[in-house]
Protein chains: 2
Amino acid sequence: MRESAVIATESQLGRLPSGRSGNGAVITRPSLMKKLQERGVRMTAQRRLLVEIIQDSPRHLDAAGLLRIARKHDEDIDRATVYRTIGLLKRHGLIDELDLMHIEGEKHYYEAKTNRDHCHMACFRCGAIMEYASSGFEKLKQEMAARSGFQIRVVRLEVGGVCKRCQKSAN
Amino acid sequence: MRESAVIATESQLGRLPSGRSGNGAVITRPSLMKKLQERGVRMTAQRRLLVEIIQDSPRHLDAAGLLRIARKHDEDIDRATVYRTIGLLKRHGLIDELDLMHIEGEKHYYEAKTNRDHCHMACFRCGAIMEYASSGFEKLKQEMAARSGFQIRVVRLEVGGVCKRCQKSAN
DNA sequence: ATATGTGCAAATCTTTTGCAAATTC
DNA sequence: GAATTTGCAAAAGATTTGCACATAT
């Protein structure tokens, strides 16, 4: 049996992958907090809050969404802090940045890096985001690195199209 | 011999692929003008100019760059027209939009769609963009479509890392 | 002649930055 | 106590929009 599978679908902005993908490969999201501590990054109340939200969020968050949720816990937290924390996590390679094919404007979405890369498929009709992991993707990455000599640090594979459901209800 | 190859590298923003890729697969860029005419799109002087620039540009252009070049031929052409034309070409699926890993800020870059999808690898050190096409990429797309039921319209595969050259000159 | 596209200027949206006050180690 | 981070307010950068005029079919 080939090792590839749709690992999650969700209307609107997709639920993040976790647990077991169809083929048995386990998708996990290592603890951001732990990694930050290991690296001796100074932790503030705001960072703890934001990191926890990103880590636990069941959906892809953009900066504004992250701020909105954070404000429920800390009314005074500022946009700038959100952006600065996102920058910090990006620099440490702990989160991935997505466009989701700009299905909802030019914002960026973030998710805690998983142990295994996966790609995002966005439906132009209904806005559903589907996550997809496969061994073919892993192989392609290796091939690209080997043949180009590139040392790959980040990979982003995004697809836009029409999902199965929307194809059927041909409206 | 496997069918995969680096098809172009260029310092700064990469030269667009065309001609023969290492493995013999020919990469072409079908005429945008012709496609627009086929679809009965109304053509204006501005659109003709912009389309020609995008078609012939040896490098990836962002909106500002496109405007700058267009102004050499028509001083009065406006930013808004550039954005509207980009939108038109995107809606018709005639150009691809790239981020190039945001190596130079949040802008988007555009290129005429090629007969064959290829991916972009951006070096975080020197800013070089390398283009890469491979049969593995084609296979992955097919696999993704087949297994997810998605009807794929656009694919974007971008990679960030350190290029061969920069790895050697370990500065 | 009519529908469509353009330039202009202003608006919008996302993200970044300078700085004084607050916080972390 | 020194170095770093925060909130605030303002700035910057990219893209979009309303509208009167110009252009394409």
Side-chain angles (χ1 to χ4, degrees), chain A residues 13 32-33 36-54 60-92 95 97-110, chain B residues 13 32-33 36-54 60-92 95 97-110:
Chain A
L13 296 181
L32 299 180
M33 277 298 277
L36 288 170
Q37 281 163 359
E38 282 169 14
R39 291 164 192 242
V41 173
R42 176 180 271 185
M43 289 308 292
T44 63
Q46 294 89 333
R47 282 183 183 170
R48 264 187 284 272
L49 174 58
L50 293 169
V51 163
E52 195 186 334
I53 293 172
I54 293 175
H60 298 103
L61 292 174
D62 67 337
L66 181 49
L67 176 61
R68 192 169 29 73
I69 296 176
R71 283 216 161 128
K72 290 182 186 165
H73 301 84
D74 172 357
E75 309 187 332
D76 295 331
I77 198 165
D78 193 81
R79 217 175 343 174
T81 302
V82 169
Y83 281 106
R84 289 191 274 235
T85 303
I86 288 172
L88 175 75
L89 295 170
K90 266 204 286 187
R91 280 196 304 284
H92 283 271
I95 54 175
E97 186 180 63
L98 316 167
D99 282 1
L100 302 181
M101 285 331 243
H102 296 130
I103 258 183
E104 285 197 354
E106 298 299 300
K107 32 194 161 183
H108 293 121
Y109 297 90
Y110 301 92
Chain B
L13 297 181
L32 299 180
M33 277 299 277
L36 288 169
Q37 281 163 0
E38 282 169 16
R39 290 163 192 243
V41 173
R42 176 180 267 184
M43 288 310 291
T44 63
Q46 294 89 333
R47 281 183 184 172
R48 265 187 283 273
L49 174 58
L50 293 169
V51 164
E52 196 187 334
I53 294 172
I54 293 175
H60 298 104
L61 292 174
D62 65 339
L66 182 48
L67 176 61
R68 191 168 31 74
I69 295 176
R71 283 216 161 127
K72 291 181 185 166
H73 301 83
D74 172 358
E75 308 189 332
D76 294 331
I77 198 166
D78 193 81
R79 220 176 340 179
T81 302
V82 169
Y83 281 106
R84 289 191 274 233
T85 303
I86 287 172
L88 175 75
L89 295 170
K90 267 203 286 187
R91 281 197 302 284
H92 283 270
I95 54 174
E97 186 180 64
L98 315 167
D99 281 3
L100 301 181
M101 284 332 244
H102 297 129
I103 258 183
E104 286 199 354
E106 299 299 301
K107 30 194 163 184
H108 293 120
Y109 298 89
Y110 301 92

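Each chain gets a letter, A, B and so on, in the order its sequence line appears, and its residues count up from 1.
The distance from atom CZ of A/Arg84 to atom P of C/dT23 is 15 Å, rounded to the nearest whole Å. In this structure, CZ of B/Arg71 is placed 13 Å from C1' of C/dT6, rounded to the nearest angstrom. Here C/dC13 presents its P atom at 19 Å from CG of A/Asp99, a figure rounded to the nearest Å. Distance, B/Glu104 CD to C/dT16 P: 15 Å, rounded to whole Å. Here C/dT6 presents its P atom at 18 Å from CD of B/Glu75, a figure rounded to the nearest Å. The CZ-C1' distance, from A/Arg68 to C/dC13, rounds to 16 Å in whole Å. Rounded to an integer number of Å, the gap from B/Asp76 CG to C/dA9 C1' is 15 Å. One interatomic measurement links the two molecules: CZ of B/Arg79 to C1' of D/dT17, which rounds to 12 Å at whole-angstrom precision.
Residues B/Glu106 and B/Ile77 both approach DNA chain C. Their nearest nucleotides, taken by heavy-atom distance, put B/Ile77 toward the 5′ side.
Among the heavy atoms of the strands lying under 4.0 Å from A/Ala63 are primed sugar atoms or P, OP1, OP2 only; no base atom is included.
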Original post:
B/Asp74 and B/Gln46: side-chain contact (heavy atoms from CB on, under 4.5 Å), yes or no, with the steps?
Top reply: CA-CA 8 Å; B/Asp74 172 358; B/Gln46 294 89 333; 4.2 Å; yes
**OP:** Would you please test A/Leu66 and A/Ile86 for side-chain contact (heavy atoms from CB on, under 4.5 Å) and show each step?
**Re:** CA-CA 10 Å; A/Leu66 181 49; A/Ile86 288 172; 4.2 Å; yes
**OP:** Carefully, step by step, assess A/Glu97 and A/Tyr110 under the rule side chain to side chain donor-acceptor pair (under 3.5 Å).
**Re:** CA-CA 5 Å; A/Glu97 186 180 63; A/Tyr110 301 92; 3.0 Å; yes
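Side-chain proximity of B/Tyr83 to the nucleotides C/dT14, D/dT6, D/dT16 is greatest for D/dT16. Distance from the side chain of B/Asp78 is smallest to C/dG7 among C/dT14, D/dG7, C/dG7.
The one candidate from B/Val41, B/Leu36, B/Leu32, B/Thr81 that meets the side chain to side chain contact (heavy atoms under 4.5 Å, CB included) condition with B/Arg47 is B/Val41.
Around CD of A/Glu38, the count of heavy atoms belonging to other residues, nucleotides or ligands within 6.0 Å exceeds 12.
For DNA chain D, the neighbouring residues in residues 40-50 of chain A, judged by any heavy atom under 4.0 Å, are A/Arg42, A/Thr44, A/Gln46, A/Arg47.
OP1 or OP2 of C/dT15 sits under 4.0 Å from a side-chain N or O of A/His108.
In this structure, B/Arg79 contributes its side chain and B/Ala64 its backbone to no donor-acceptor pair below 3.5 Å.
From A/His102, atom NE2 reaches atom NE2 of A/His108 across 5.5 Å, with rounding to the nearest 0.5 Å.
A/Tyr109 approaches A/Leu100 most closely through the heavy-atom pair CD1-CD1, 3.6 Å. Heavy-atom minimum distance, A/Ala70 versus A/Ile77: CB-CG2, 4.0 Å.
Overall bending of the helix from C/dA1-D/dT25 to C/dC25-D/dG1, expressed as the angle between end axes built from five pairs apiece, is 40° (10° steps).
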